[in-house]
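We count residues from 1, following the sequence as given. Small disclaimer: the values here were computed from a predicted structure and weren't measured.
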Amino acid sequence: MFSINTIMVLSPHTDDGEIGAGGTIARFVEEGTEIYYVAFSSCEASVPKGFPEDVLKIECKKATSILGIKPENVILLEYEVRTFPLHRQEILDDMIALNRQIEPELVLVPSSNDIHQDHQVIYAEALRAFKKNASIWGYEHPWNNLTFTTDIFVKLEERHIKKKIEAMKQYESQNFRSYFDEKYIKALAYMRGAQVDYPFAETFELIRLLMR
């Protein structure tokens, strides 16, 4: 990969960043890149019955730790799920502050064709906040993407996918969702890898590329 020192993963909700880029995060950490992870909502309103209200915060900290992200680099914000369009300016202000503080070289966001209302806001406001100083890649959520442009293929080995699977297993409150299934995670990574003769891969939409 071309040299990147600092990456910021913008996850609308706890788990989105791991779902879309968990293997890539594991590879970048392995290569010595500093990773920051920002989740804008821990979705208290959507927590299944029987779990504590803050369970997704706990699960997110466990999952990101397995991927190798330092605990102090995990930032959990408090926006209410499915209300991001009402808070665009506050979200943009948070991103601008994070940009000044961390100065990432690469930012990972939901893709431009993601139809979830919260994901759309994170994509759009990230463009405004980071377009002048960072490359921006959009990660894949097939159930939210009517279309997806596979501009970038990140080569992954089985160990990276195993770390992603182990990270996703920490979300016990979400294991009823089909896209948390180990078979699905591995199958998608295998299919994307097969497109370019890699063992496994994650794909990204190229939104912005700045070459230093």
Side-chain angles (χ1 to χ4, degrees), residues 6-26 28-29 33-104 106-111 114 116-126 128-130 134 136-139 141 144 163-177 179-180:
T6 308
I7 296 174
M8 183 180 293
V9 181
L10 299 185
S11 185
H13 315 115
T14 46
D15 74 27
D16 286 324
E18 300 97 305
I19 292 169
T24 300
I25 292 169
F28 270 120
V29 168
T33 305
E34 190 80 2
I35 307 285
Y36 290 83
Y37 177 102
V38 184
F40 288 80
S41 175
S42 50
C43 302
E44 285 88 351
S46 299
V47 169
K49 291 181 180 179
F51 291 94
E53 190 176 78
D54 65 346
V55 65
L56 281 162
K57 292 180 180 178
I58 297 167
E59 293 171 341
C60 180
K61 290 174 183 177
K62 290 179 180 178
T64 51
S65 176
I66 285 171
L67 293 176
I69 302 174
K70 299 173 184 175
E72 61 268 26
N73 288 1
V74 177
I75 301 163
L76 304 179
L77 302 179
E78 299 290 341
Y79 293 96
E80 186 176 346
V81 63
R82 295 186 295 277
T83 69
F84 288 17
L86 302 176
H87 302 286
R88 299 183 74 103
Q89 187 59 50
E90 298 100 307
I91 288 170
L92 174 61
D93 290 343
D94 283 335
M95 290 185 185
I96 290 171
L98 288 165
N99 189 15
R100 288 173 178 163
Q101 175 188 345
I102 296 168
E103 298 182 342
L106 172 62
V107 179
L108 305 183
V109 302
S111 79
D114 193 311
H116 192 292
Q117 65 268 46
D118 291 348
H119 296 206
Q120 290 175 347
V121 170
I122 296 305
Y123 161 78
E125 299 311 320
R128 297 174 67 191
F130 296 99
I136 305 174
W137 298 359
Y139 51 75
H141 281 176
N144 283 343
K163 275 203 169 182
K164 177 175 181 175
I165 290 169
E166 185 61 27
M168 300 309 300
K169 284 181 178 178
Q170 304 312 304
Y171 287 99
E172 294 181 11
S173 68
Q174 305 297 303
N175 64 12
F176 64 94
R177 301 184 187 278
Y179 46 84
F180 276 77

What verdict does the side chain to side chain contact (heavy atoms under 4.5 Å, CB included) test give for Asp94 and Tyr79, after you've listed the backbone C-alpha separation in whole Å, the side-chain angles of each residue and the deciding distance to 0.1 Å?
CA-CA 11 Å; Asp94 283 335; Tyr79 293 96; 2.6 Å; yes
Are Leu76 and Lys61 close enough, and set up right, to give a side chain to side chain contact (heavy atoms under 4.5 Å, CB included), and what steps lead you there?
CA-CA 9 Å; Leu76 304 179; Lys61 290 174 183 177; 3.8 Å; yes
Candidate pair Val29 and Leu67, rule side chain to side chain contact (heavy atoms under 4.5 Å, CB included), full reasoning
CA-CA 8 Å; Val29 168; Leu67 293 176; 5.8 Å; no
Going through the checks in order, is the side chain to side chain contact (heavy atoms under 4.5 Å, CB included) test met by Arg88 and Val121?
CA-CA 7 Å; Arg88 299 183 74 103; Val121 170; 3.6 Å; yes
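Taking CD from Gln120 and OG from Ser111, the interatomic distance works out to 9.5 Å, rounded to the nearest 0.5 Å. Expressed to the nearest 0.5 Å, how far CD1 of Ile165 lies from CD1 of Ile66 amounts to 12.0 Å. In this structure, Glu18 CD and Gln170 CD are separated by 10.5 Å, a value rounded to the nearest 0.5 Å. Put simply, OG on Ser41 and NE2 on His87 are 10.0 Å apart, with the number rounded to the nearest 0.5 Å. Note that CD1 of Ile102 is 9.5 Å distant from CD of Glu34, once rounded to the nearest 0.5 Å. In this structure, the separation between CD on Glu72 and OH on Tyr36 is 8.0 Å, given to the nearest 0.5 Å.
At least one donor-acceptor pair closer than 3.5 Å links the side chain of Lys164 to the backbone N or O of Ile19. Remark: side-chain polar atoms of Tyr171 are paired, donor with acceptor, to backbone N or O of Asp15 under 3.5 angstrom. Between the side chain of Tyr37 and the main chain of Cys60, no donor-acceptor pair closer than 3.5 Å is present. In terms of modelled atom types and a separation under 3.5 Å, the side chain of Asn73 and the main chain of Ile35 share a donor-acceptor contact.
Shown here are the salt bridge (Lys or Arg N to Asp or Glu O under 4.0 Å) partners of Glu44, two or more places apart in sequence or in another chain: Lys57. By the side chain to side chain donor-acceptor pair (under 3.5 Å) test, Ser65 is found to be paired with no residue, residues two or more places apart in sequence or in another chain being considered. Legend: residues meeting salt bridge (Lys or Arg N to Asp or Glu O under 4.0 Å) with Lys62, ordered by chain and number and at least two apart, are absent.
Nearest heavy atom pair, residue Pro110 against residue Pro12, reads CG-CG, 3.6 Å. Nearest heavy atoms, Gly20 versus His141: N-NE2, 3.7 Å. The shortest heavy-atom contact between Pro48 and Ser173 is CG-O, 3.3 Å. Between Asn175 and Phe180, the shortest heavy-atom distance links the atoms CA-CB, 4.4 Å. When all heavy atoms are compared, the tightest approach of Ala126 to Leu10 is CB-CD1, 3.8 Å. Closest non-hydrogen pair, Pro104 versus Ala134, comes out as O-CB, 3.4 Å.
Within 6.0 Å of CD on Glu90 lie more than 12 heavy atoms contributed by other residues, nucleotides or ligands. In Arg128, the CZ atom is not crowded: 12 or fewer heavy atoms of neighbouring residues, nucleotides or ligands sit closer than 6.0 Å. In the displayed structure, Gln117 atom CD is contacted under 6.0 Å by more than 12 heavy atoms of other residues, nucleotides or ligands.
In this structure, Met8 and Phe130 have side chains that are in contact, with non-hydrogen atoms separated by less than 4.5 Å.
The aromatic rings of His119 and His13 are tilted relative to each other, their planes meeting at an angle between 30° and 60°.
Between Met95 and the choices Val38, Val109, Ile122, the side chain to side chain contact (heavy atoms under 4.5 Å, CB included) rule is met once, by Ile122. Checked against Asp118 for a side chain to side chain contact (heavy atoms under 4.5 Å, CB included), the options Val81, Thr83, Asp16, Ile91 give a single hit: Val81.
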